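None of the values given here were measured: they were computed from a predicted structure.
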Amino acid sequence: MYELTKNTLKGWINEALAAAKEKGELAFSSIPDYVIEEPREKEFGDFAANAAMLMAKEARMAPRKIAEIIVSNLKTEGTFIREIHVAGAGFINFRLDGSQLVKVLEMIDEQKENYGRIDMGKGEKVMVEFVSANPTGPMHMGNARGGALGDCLASVLDWAGFDVCREFYINDAGNQIEKFANSLEARYIQELKGEDAVEFPEDGYHGEDIRVHAKNFIGLYGDSYLDKPSEERKKALVDYALKINIDALKTDLEKYRIYYDVWFHESTLHENGKAREVVDELTARGCTYEKDGAVWFKATDFGEEKDEVLVRANGFLTYFAVDVAYHRNKLIDRGFQTAINIWGADHHGHVARLKAAMAALGIDPNRLEVILMQLVRLVQGGEVVRMSKRTGKSITLNDLLEETSIDAARFFFNMRQANSHFDFDLDLAVEQSNDNPVFYVQYAHARICSILRLLAQENIAVKAAKEVDLTLLKEEQEVDLMKLLARFPEEIRSAAIAREPSRITRYVMDLAAGFHTFYGACRVKTEDMALMDARLVLVAATKTVLKNALSVLSIEAPEHM
RNA sequence: GCGCCCGUAGCGCAGCUGGAUAGCGCGUGUGACUCCGACUCACAAGGUCGCAGGUUCAAAUCCUGUCGGGCGUACCA
């Protein structure tokens, strides 16, 4: 709504500029890329344009003078503009009459659960790949953060009009799986023949879950694999345990309200030969060479500091090579215009070389976007808890969800930008106290529901926005609340552009605050029936927007608390 | 050494495609329900935007340097 108003204002200013140029009052070659913004200070009006300042240099004229010329050429009589002032360094400030803002309530009433959706993406295919935890054990706190960030980013993009695919990349091949196999095998033998029968691999997975897999495997197959060749034994153990682990990942993520469109198995890239092919393709393009028995990618040709190994001397493909194949698959074979990955910051060294490989394959590297997320530190009792999958002492996503609410966890992880260090205070999260802002937001929604319930008992219903005189909403708190409601689609846009779902979290907090302030200042249930009708429309609209914004974050909007 | 990220109020963070008096939450202090849910609201105190230069009509925002913290810099994933 307000976006429309801004465009209207811009159109008028552009006309005024053209007129001034025509009359010879102002000299310029082209209109600069100025902005219409909502000033922080209310005394400056509802909107402000900075066009005059940007033109000062070329026009060789004081910004204020230019602003005066623009204003003198503006034709706003009979429109919704109430006042225009030139202020400060040369801002043109506009004040609107009540008719514009109120339209947002009608719009919300019409669009309901779709209010906030925009067509910025125009159906473009975007993939968001996130979590992609190793299936060798349970998910940790970093996965919890990545899950909340990735899922909400995908939602934001969906609301912004993109065709979004959520994908989980299962690393079911390679070195980690080898370690997993060796660990399982050792535990299997130890279970049957005693702890000393075989040495546990030093770099293996020491977690209790490995023992549990071994025990359960024995429950099913007994010692029948003891005499089999190691390779066969390991394969059976891995096939068994991997399936259980992947199913567990799915279950845990669904509990966290994350549903993937695609679970992509790394192993398929090995089985269908695509991983090898990509090395061949790079070679055909003259981007590889052999050294010390390994095949190297000439990353230095693409601005990197050093080259990267694609095929190790032992003939195995590196993780890097497979990842190149995987991203080629995303961007070419499956036709995603953009592939966004959420990665832990410890992977950042990998970003530039993967982009370099995309460039080498003739793919615009900007189509691959990596959002780096600082790893979460878990704090309990004022002390940092080390997280390590291998010690078996880590706190898992599952633990987290048992100890706090899903709503709180998702909200918490989306309060900060991905790229900021984040201490997750478990004590606070477990407390479910009022310190947690999710309750503040949910309370606003429940409070509205309570008002509507109370009035419904007296047979007072919310009328359609069009049938009500909304211009009665003139109190400062009412106007502020309407402005907040009007902001929602723009928040979706900026969150999508910045790839930053935390903006929605912050917005929903602002909106809740705006409602609570309104509630403190204005009574909905009042003697003045016309005013009550108008306020009911405002309150119902607030409820809709709160619910919509929370749904972007997959957080519940409760009717009672 | 080199590269990336972060340094804004006591604490945790926004703001960073340059714009008018730098915001929010927690905490602290003082107030507000016989009245729509006080899980709330109002007011107040609290800042050399790490530091130093530079660009600009205008710098928390852009550039350079510097200090402090995190993370990378594997024929690991």
Side-chain angles (χ1 to χ4, degrees), chain A residues 33-35 37 39-41 43-44 48 50 52-54 56-57 62-64 87-91 93 132 134 136 171 173-179 203 266 291-296 304-306 308-323 344-353 372-375 377 415-423 425 428 433-437 439-444 446-455 458 477 497-498 502-503 505-506 509-510 512-513 515-526 532 535-536 539 560-561:
Chain A
D33 197 18
Y34 64 93
V35 292
E37 57 186 1
R40 262 201 314 274
E41 298 298 321
E43 61 184 285
F44 297 136
N50 66 342
M53 282 103 95
L54 297 175
K57 186 169 264 183
R64 281 194 75 111
F91 289 99
N93 293 339
S132 298
N134 272 325
T136 48
N171 297 112
N175 222 329
Q176 296 300 319
I177 290 296
E178 195 58 30
K179 283 187 199 171
D203 61 348
E266 178 190 348
K291 193 181 89 181
D292 304 332
V295 179
W296 296 70
E304 286 302 286
E305 277 187 17
K306 54 186 180 183
E308 295 293 328
V309 174
L310 291 165
V311 186
R312 290 192 264 160
N314 62 10
F316 288 170
L317 293 168
T318 58
Y319 172 83
F320 174 64
V322 182
D323 222 23
D346 54 335
H347 286 63
H348 94 251
H350 192 54
V351 178
R353 55 183 185 258
L372 292 176
M373 163 187 89
Q374 297 296 331
L375 297 176
R377 284 199 315 179
M415 281 203 303
R416 284 173 187 72
Q417 298 180 351
N419 215 329
S420 61
H421 299 274
F422 178 42
D423 287 350
D425 187 333
L428 194 68
S433 74
N434 307 335
D435 294 338
N436 195 328
F439 294 110
Y440 178 83
V441 174
Q442 290 182 320
Y443 178 53
R447 212 175 198 187
I448 292 171
C449 292
S450 169
I451 295 170
L452 298 179
R453 266 196 309 274
L454 183 90
L455 292 172
E458 301 179 20
Q477 294 85 356
I497 290 171
S502 65
R503 295 195 186 211
T505 316
R506 269 177 254 121
M509 287 193 279
D510 283 352
F515 171 73
H516 288 308
T517 298
F518 158 79
Y519 180 91
C522 306
R523 286 189 59 83
V524 177
K525 190 184 170 189
T526 169
M532 179 170 71
R535 285 184 174 163
L536 269 172
V539 161
H560 303 271
M561 288 179 75

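In this structure, A:I448 places its CD1 atom 15 Å from P of B:U40, rounding to the nearest Å. Between the P atom of B:C26 and the CE atom of A:M415 lies a distance of 11 Å, rounded to the nearest Å. In this structure, A:F422 atom CZ and B:C71 atom C1' are separated by 18 Å, rounded to whole Å. Rounded to whole Å, the distance from CZ on A:F439 to C1' on B:G25 is 16 Å. With rounding to whole Å, A:R503 atom CZ is found 19 Å from B:G25 atom P.
A side-chain hydrogen bond (donor to acceptor under 3.5 Å, both in side chains) check over residues 313-323 of chain A, counting only residues at least two apart or in different chains, returns the pairs A:D323-A:H350.
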Distances under 3.5 Å between protein N/O atoms and the N/O atoms of nucleotides 29-37 of chain B, please, pair by pair.
residue : atom : partner : partner atom : Å
B:C35   : O2'  : A:R523  : NH1          : 3.1
B:C35   : O2'  : A:R523  : NH2          : 3.1
B:C36   : O2   : A:V524  : N            : 3.4
B:C36   : O2   : A:K525  : N            : 2.9
B:C36   : N3   : A:V524  : N            : 2.9
B:C36   : N4   : A:Y519  : O            : 2.9
B:C36   : N4   : A:C522  : O            : 2.7
B:G37   : OP1  : A:S450  : OG           : 2.7
B:G37   : OP2  : A:S450  : OG           : 3.4
B:G37   : O2'  : A:Y443  : OH           : 2.1
B:G37   : N7   : A:S450  : OG           : 2.8

Give each protein N/O atom lying under 3.5 Å from an N/O atom of nucleotides 55-59 of chain B, with the pair distance.
residue : atom : partner : partner atom : Å
B:C57   : N4   : A:M53   : O            : 3.4

Polar atom pairs between nucleotides 21-24 of chain B and protein, under 3.5 Å, N or O only, would you list them?
residue : atom : partner : partner atom : Å
B:U21   : O4   : A:E43   : OE2          : 2.5

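A gap of 8 Å separates the C1' atoms of B:U8 and B:A22, to the nearest Å. Rounded to whole Å, the separation between the C1' atoms of B:A60 and B:C16 comes to 7 Å. Taking the P atom of each, B:C49 and B:U21 are spaced 15 Å apart, rounded to whole Å. Across the C1' atoms, B:G46 and B:U28 are found 9 Å apart, a figure rounded to whole Å. Spacing between B:G68 and B:A52 at atom C1', rounded to whole Å, works out to 15 Å. To the nearest whole angstrom, the two P atoms, one in B:G7 and one in B:G54, are 24 Å apart. With P as the reference atom, B:U73 and B:A14 are 26 Å apart, rounded to whole Å. The P atoms of B:G25 and B:U61 are separated by 25 Å, rounded to the nearest whole Å.
In this structure the side chain of A:T136 reaches within 4.5 angstrom of the side chain of A:I177, judged on heavy atoms. With contacts defined as side-chain heavy-atom distances shorter than 4.5 Å, the pair A:V441/A:M509 qualifies. Between A:M561 and A:Q442, the closest side-chain pair of non-hydrogen atoms falls below 4.5 Å. Side-chain contact check for A:V524 versus A:L455: some heavy-atom pair is nearer than 4.5 Å. No side-chain heavy atom of A:W296 sits less than 4.5 Å from a side-chain heavy atom of A:V311. For the pair A:V539 and A:F515, the minimum side-chain heavy-atom distance is below 4.5 Å. Side-chain atoms of A:H516 and A:Q477, non-hydrogen and from C-beta on, never get closer than 4.5 Å to each other.
A:R535 places a side-chain N or O within 3.5 Å of a backbone atom of A:R523 that can act as its donor or acceptor partner. Between the side chain of A:N50 and the backbone N or O of A:V35, at least one donor-acceptor pair lies under 3.5 Å. Side-chain N or O atoms of A:S420 include none that pairs as donor or acceptor with a backbone N or O of A:R416 at under 3.5 Å.
If you check B:C49 for Watson-Crick or wobble pairing at under 3.5 angstrom, you find it has no partner at all. Both distances falling under 3.5 Å, in either a Watson-Crick or a G-U wobble arrangement, place B:G3 opposite B:C71. Across every strand in view, B:C43 sits in a pair with B:G29 that passes the Watson-Crick or G-U test at under 3.5 angstrom. Nucleotide B:C62 has B:G54 as its partner under the Watson-Crick or G-U criteria, with both atom distances under 3.5 Å. Under the Watson-Crick or G-U wobble criterion, with both distances below 3.5 Å, B:U17 has no partner in any strand shown. Partner assigned to B:U34 is none, using Watson-Crick or G-U wobble distances below 3.5 angstrom.
Residue contacts for A:A48: at a heavy-atom cut-off of 4.0 Å it reaches a base atom on one of the strands shown. At the heavy-atom level, A:Q417 lies under 4.0 Å from the strands shown only through sugar-phosphate atoms.
Shortest non-hydrogen contact noted between A:A294 and A:A313 is CB-N, 4.0 Å.
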## Note on the structure
Heavy-atom contacts, protein to nucleotides 72-77 of chain B, under 4.0 Å, summarised as B (base), S (sugar-phosphate only) or - (none) per nt, yield SSSBSB
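Using a 4.0 Å cut-off between a side-chain N of Lys or Arg and a carboxylate O of Asp or Glu, A:R353 and A:E304 do not qualify as a salt bridge.
For the side-chain hydrogen bond (donor to acceptor under 3.5 Å, both in side chains) test, residues two or more places apart in sequence or in another chain that qualify with A:N171 are A:E266.
Remark: ring of A:F91 not stacked against base of B:G19; the cut-offs of centroid gap under 5.5 Å and plane tilt under 30° are not jointly satisfied.
Contact between the side-chain N/O atoms of A:S420 and the OP1/OP2 oxygens of B:C13 is not found at any separation under 4.0 Å.
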